[in-house]
Every structure is written in C-alpha cells, then in structure tokens.
Chemist: 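Just dropping this structure here.
Residue numbering restarts at 1 for every chain, and letters A, B, ... go by the order of the sequence lines.
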2 protein chains.
Amino acid sequence: MPVPLYQAKAEFFRTLGHPVRIRVLELLQEGPRPVHELLADIGVEASNLSQQLAVLRRTNLVASRREGGAVLYELSTPEVADLLRAARGILTSMLADQGELLAELRGTRGEERK
Amino acid sequence: MPVPLYQAKAEFFRTLGHPVRIRVLELLQEGPRPVHELLADIGVEASNLSQQLAVLRRTNLVASRREGGAVLYELSTPEVADLLRAARGILTSMLADQGELLAELRGTRGEERK
DNA sequence: TATGAATATGAAGAATTCTTCAAATCGAGT
DNA sequence: ACTCGATTTGAAGAATTCTTCATATTCATA
C-alpha cells in the first residue's frame, strides 16, 4: 500500500477546490480557449485568473501554448471530464437528498456559507 | 447556467483535499467501520481523526451511527467510489506521463515537496 | 525600436484550514 | 451514582491559500 499517495491525491483534489479553477476546467472541456475568452466568461481580475491558471499548470491539469497574440489553454487529459462528471453526479444526488442548495441548482443565486 | 454551483463544487473538492479524509473514504469503501478501527489503520491522534470525520459528516459524505460502545462510519453514497476511481485514473496517467512521483506509486516512501 | 495589448509574476495582508491540547459527552458496566 | 473507554468539541496558534496591487514579459504592429 503506497503510503504518500494519499498525500498526492489530497493535493490533487485541493487543486480542484477553487471556483475559478473549476470553471476553467469546465470551459476547457469544450476545447482549447484563449485566456481573454476565459476572462470574459469567468468574471475575475486578469491577474487572479492568471494565478489560478498557474496552479492548474503546475499540477499539469492544463497545458498552454501561444497562438499569435493570445495564449491558448487546454485540458492536458480528457479524463478530467470523467472526474467532473462523477463529482456532478454525487453533488446532485447529495443535494437532492438534503435538498438544501437545490435552489442554487436552479440558478437562484445567493451567498450562504455553512 | 447555475452560477453559485461552482462554489458548491469547489467546496466539495476541497473537502476531499486532505490525506486523512481521503484515507477514511477509501477505507469506508469496503464497508462500515468503527472509529477505533480507522484510528488504528490511519495513524493520527484521535482528536485529529475526529475533526476530519466531522468535516466529512458536515458535507454529508459519510454518516455515523452508534453501535454499542463504538461509533460506526459509512459512506453516505457508494458513488464516492466512482469519484475516487476517476481521480485515481487521472492521477496515475498524469504521474505516468511526467513520471515524477512514479517511485511513490511503487511504495518507495519519501517526502519531497515541489 | 517604440507602443500597446495580453498575460504572467512577486509580494503582502486577509482569510481559511490544520494541528494539537484540554476539556466535555456519551454509554457501558460496576 | 461512579468510573472507564471511546469519541467529540472548542479554542488558539501555526501553516497554507486567496486576493489584489504593482510591476514585469512577450509578442505584434506601427
């Protein structure tokens, strides 16, 4: 039983534990996209997005290449889609059960915490 | 497109972003287990494990019930297994690619950090 | 080569999460 | 009721992660 693997797994999940990073990954599922486009879709400061992209790059979840004036990002492996799908499955079934954030699922907007 | 859902997803992944919590989930895949047994398998302080179990409980990833003198924990949904499997898939393929932590995968033990 | 748009980087304070310690709770058995 | 083992809780400082600001790069084009 590989011991420090748990550490690696935890780090991996922690990488996904940020709303901007999640959005980026979901957007990239549809194919490569330039930063300025991500920037437009997700509404955060450019430097903030860049920081999050850097995190995703470090962990090799995404890769970037320059295309003319812009930088394109893409998923480094399509398997990420599987993961996101699995997560979506659990989340919706859990939310359905507890029914707590169901409103959110329907787009009600709001900002509760715990 | 549900907006604050990204927040919920991020929180969900962050919940998985801790080595002890990952181990607990993996152990629970094999079925319900009493705390003292988890405690023996994972080598941490009782109060630490308890804190992590509390986190998993809050997010409804696990459920607990009392069985005589001990408290049993179990996954609240077996779908968690899918998620962990998907993560394992990505991780191993990524590690294989970069080959960086491959040694760990084989049980070589060690403690490097970037 | 100078200018500008796009993107990245470094650093600092704010916010969040971890770990640990001490103390509380809950039953079981006496 | 009392005590013991098992588990949880609250709190505080340490450690990590976020956000933001200022500045740096990089390339394209004038």
Chemist: Would you kindly give the CZ-to-P distance between B/Arg58 and C/dT17, to the nearest whole Å?
Modeler: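 Whole-Å distance recorded here is 10 Å.
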Chemist: Taking B/Ser64's backbone N and O only, do any of them form a donor-acceptor pair with B/Arg57's side chain (distance below 3.5 Å, no angle check)?
Modeler: no
Chemist: For C/dT17, does OP1 or OP2 lie under 4.0 Å from any side-chain N or O of B/Gln52?
Modeler: no
Chemist: Contact class for B/Ala46 vs. all strands (heavy atom < 4.0 Å): base, sugar-phosphate, or nothing?
Modeler: base
Chemist: Taking the minimum atom-to-atom distance to the side chain of B/Ser47, which one of C/dC21, C/dA8, C/dC18 wins?
Modeler: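 Closest nucleotide among those given: C/dC21.
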Chemist: Without swapping roles, check the side chain of B/Arg21 against the backbone of B/Leu56 for a donor-acceptor pair under 3.5 Å.
Modeler: no
Chemist: Between A/Glu45 (CD) and D/dT20 (C1'), how many Å, whole number?
Modeler: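 Result: 6 Å.
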Chemist: For residues A/Gln52 and A/Val24, determine if any side-chain heavy atom of one lies less than 4.5 Å from a side-chain heavy atom of the other.
Modeler: no
Chemist: Atom CZ of A/Arg66 and atom P of D/dT26: how far apart are they, to the nearest Å?
Modeler: 9 Å
Chemist: Should A/Leu39 and A/Leu28 be counted in the same cluster of Ile, Leu, Val, Met, Phe, Trp and Tyr side chains packed under 4.5 Å apart?
Modeler: yes
Chemist: I need the single residue from B/Arg33, B/His36, B/Arg23 that forms a side-chain hydrogen bond (donor to acceptor under 3.5 Å, both in side chains) with B/Asp41. Which is it?
Modeler: B/Arg33
Chemist: May I ask you to verify if any side-chain N or O of A/Arg65 is less than 4.0 angstrom from the OP1 or OP2 atom of C/dT7?
Modeler: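 Answer is no, no contact under 4.0 Å.
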Chemist: Using side chain to side chain contact (heavy atoms under 4.5 Å, CB included) as the criterion, point out the one residue from B/Val20, B/Thr15, B/Ile22 that pairs with B/His18.
Modeler: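 The side chain to side chain contact (heavy atoms under 4.5 Å, CB included) with B/His18 is passed solely by B/Val20 among B/Val20, B/Thr15, B/Ile22.
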Chemist: Using atom CG of A/Leu49 as one end and atom P of D/dC18 as the other, report the distance to the nearest whole Å.
Modeler: 14 Å
Chemist: Can you sort out which residues in residues 26-38 of chain B have a heavy atom within less than 4.0 Å of DNA chain C? Ascending by number, please.
Modeler: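 Heavy-atom cutoff 4.0 Å gives no residues at all.
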Chemist: Is the phosphate of C/dT17 approached by B/Arg14 (side-chain N or O, under 4.0 Å from OP1 or OP2)?
Modeler: yes
Chemist: Which comes earlier along DNA chain D counting from the 5' end, the contact point of A/Val55 or that of B/Asn48, where each point is its nearest nucleotide?
Modeler: B/Asn48
Chemist: Send over the distance from B/Leu53 CG to D/dT8 P, rounded to a whole Å.
Modeler: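 Rounded to whole Å, this separation is 6 Å.
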Chemist: Would you kindly compare A/Gly68 and B/Ala70 by the position of their nearest DNA chain D nucleotide and give the one closer to the 5′ end?
Modeler: B/Ala70
Chemist: Tell me: OH of B/Tyr6 to P of D/dC18, nearest whole Å?
Modeler: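 Taking OH of B/Tyr6 and P of D/dC18, I get 19 Å after rounding.
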Chemist: Checking side chain to side chain contact (heavy atoms under 4.5 Å, CB included) for the pair B/Leu61/B/Phe12: CA distance, chi angles, key distance, verdict?
Modeler: CA-CA 9 Å; B/Leu61 272 167; B/Phe12 175 72; 3.9 Å; yes
Chemist: In this structure, how many angstroms lie between the P atom of D/dT16 and the CD atom of A/Gln7, rounded?
Modeler: 11 Å
Chemist: Look at the side-chain N and O atoms of B/Arg57 and state whether any lies under 4.0 Å from the OP1 or OP2 oxygen of D/dT9.
Modeler: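 B/Arg57 to D/dT9 OP1/OP2: side-chain N or O found under 4.0 Å.
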Chemist: Can you find a pair of side-chain heavy atoms, one from A/Arg88 and one from A/Glu26, that are under 4.5 Å apart?
Modeler: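 Yes, at least one pair of side-chain atoms sits under 4.5 Å.
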Chemist: So, is A/Tyr73 near the phosphate of C/dA6, with a side-chain N or O under 4.0 Å from OP1 or OP2?
Modeler: no
Chemist: Quickly work out the B/Phe13 CZ to D/dT17 P distance and round it to whole Å.
Modeler: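 So the CZ-P distance, B/Phe13 to D/dT17, works out to 18 Å.
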Chemist: Whether the side chain of A/Gln51 and the base of D/dT20 hold a donor-acceptor pair under 3.5 Å is what I'd like checked.
Modeler: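 Donor-acceptor pair under 3.5 Å: yes.
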